[in-house]
Chemist: 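The following block contains the structure, expressed as structure tokens.
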Amino acid sequence: NTAIPATLTAAAQEIEELRKTIHYHSHRYYVLDNPEISDAEFDSLLRRLIAIETAFPSLITPDSPSQRVGGVPAEGFDRVAHLTPMLSLGNAFSAGELRAFDARVRNGLDGAAAEYVVELKIDGLAINLVYQNGRLVRGATRGDGTYGEEVTANIRTIRSVPLVLNADDDIPPLLEVRGEVYMPRREFDRLNRLREMSGEPLMANPRNAAAGSIRQLDPKITAERALDIFIHGLGTEEGLGVATHAAMFEKLQRLGFKVNPHYQVFDNIEDVIAYCESWAEKRVDLPYDIDGLVIKVNSLASQRLLGSTAKDPRWAIAFKFPAEQAAT
Ligand SMILES: NC(=O)c1cnc(N)c2cc(Br)sc12
């Protein structure tokens, strides 16, 4: 392997190139699930970056890919206020309730037809991310919707959470996004097998396992859990420049966020119902748990027109599958 650069300038130059390359390949592997290089090549890039940063510590910045696994364990979590409160969702348990939701929406839009985006409802832990000038500055749990726990160090260990946004699209100066952190079922089973072998109590389900992993005081423990995230909503934003929820998803993906690929746009509630019901069976083939689907009015202007109650948006609803019968 080649020698460490001799000067600070040469080191800064190579560090910048390595960070861009590592960010690119990390996005391909963890967000697009479509790597171009081998794990060994990726590891050697990261090792080279760490070697140069170790030789020139003044060049280390928080958004370096080498800084994903945080520092010392926290004493506790600070309470932070979300820029825009995180709402919950009303629930529909039948096709009839979805038709009633559609009638309320069209009534609220003075009879105009509504276009809907339908997304999988991930059974994980709601998380709020804030980016300033394209850099991740904070990650927080939902908490009570207004205040959450500051868990940035743990969020940074999730490889599909970008530490910096892709510049091939104009980057909004301020961006708050919501997502669901989840533990893939294969990882849940792996962790429980380890617990079984060491006689520790098993984790109940992937959602609890994800919540427990995010609430670890030591980021190094969080980093050992293969958590993942799907970004699905917006909070405060300046300059995102999109008119529909579907266009927002396209923009967020160009910025480097991981968005669940199974979202679809429909222009009538019957097609929404058919899609929702099709997932009651299909969900067993997913590598993660879902507990239903989320139906949202696609037009952001219509969302604003419909507004929210104190608790829930009037422009969205969850379609819930029957709760899993407790294993008898
Ligand atoms: N796609 C989505 O909007 C979505 C997915 N999964 C979830 N657990 C939730 C929760 C709310 Br609130 S929205 C949402």
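For clarity, every value in this text was computed on a predicted model and none was experimentally measured. Counting starts at 1 for both ligands and their atoms, following the listed order.
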Chemist: Ser88 versus ligand 1: do any nitrogen or oxygen atoms come within less than 3.5 Å of each other?
Modeler: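 N/O-N/O distance under 3.5 Å: no.
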Chemist: If I apply the N/O under 3.5 Å rule, does Ile122 come out as touching ligand 1?
Modeler: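 By distance alone, the answer is yes.
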Chemist: Counting from 1, what ligand 1 atoms have a heavy atom of Lys296 closer than 4.0 Å?
Modeler: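 It comes down to these atoms of ligand 1: 2 (C), 3 (O).
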Chemist: Around atom CZ of Phe42, are there more than 12 heavy atoms from other residues, nucleotides or ligands closer than 6.0 Å?
Modeler: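 Counting other residues, nucleotides and ligands, CZ of Phe42 exceeds 12 neighbours.
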Chemist: Please work out which of His245, His232, Arg142, Met86 has its closest non-hydrogen atom nearest to atom 13 (S) of ligand 1.
Modeler: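 Ranked by closest heavy atom to atom 13 (S) of ligand 1, first place is His232.
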Chemist: Mind checking whether Phe188 and Tyr182 have ring centres under 6.0 Å apart?
Modeler: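 No, the ring centres sit 6.0 Å or more apart.
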Chemist: Aromatic rings Tyr275 and Phe266: how do their planes relate, parallel, tilted or perpendicular, breaks at 30° and 60°?
Modeler: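 Rings of Tyr275 and Phe266: tilted, 30 to 60°.
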Chemist: If the cut-off is 4.0 Å to any non-hydrogen atom of Glu119, which atoms of ligand 1 fall inside it?
Modeler: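 Close to Glu119: 1 (N), 2 (C), 3 (O).
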Chemist: Report the relative orientation of the aromatic rings in His27 and His23; use parallel for angles under 30°, tilted for 30 to 60°, perpendicular for over 60°.
Modeler: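 His27 and His23: parallel rings.
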Chemist: If you measure from each non-hydrogen atom of Leu87 to ligand 1, which part falls under 4.0 Å: side chain, backbone, both or neither?
Modeler: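 The part of Leu87 near ligand 1 is the backbone, not the side chain.
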Chemist: Consider ligand 1: state whether an atom of it lies below 4.0 angstrom from any non-hydrogen atom of Leu120.
Modeler: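 A heavy atom of Leu120 does come that close to ligand 1.
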Chemist: Between the side chains of Asn128 and Glu176, does any donor sit under 3.5 Å from an acceptor?
Modeler: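 Checked: Asn128/Glu176 side chains pair up, N/O donor to acceptor below 3.5 Å.
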Chemist: Does a side-chain N-to-carboxylate-O contact under 4.0 Å join Arg185 and Asp123?
Modeler: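 Here Arg185 does not pair with Asp123 in a salt bridge, since their nearest N and O are not under 4.0 Å apart.
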Chemist: Could you check atom 7 (C) of ligand 1 against the protein and tell me its nearest heavy-atom contact, residue, atom and distance included?
Modeler: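 So the nearest neighbour among protein heavy atoms is Glu180 OE1, 3.6 Å.
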Chemist: Considering the heavy atoms of Leu89, write down every atom of ligand 1 situated less than 4.0 Å from one of them.
Modeler: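 Close to Leu89: 11 (C), 12 (Br), 13 (S).
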Chemist: Picking from Asp271, Val297, Asp267, Asn298, what satisfies side chain to side chain contact (heavy atoms under 4.5 Å, CB included) with Tyr116?
Modeler: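 Considering Asp271, Val297, Asp267, Asn298, a side chain to side chain contact (heavy atoms under 4.5 Å, CB included) with Tyr116 is found only for Val297.
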Chemist: Give the atoms of ligand 1, by number and element, whose distance to some non-hydrogen atom of Lys121 is under 4.0 Å.
Modeler: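 Per the distance check, 5 (C), 6 (N), 7 (C), 8 (N).
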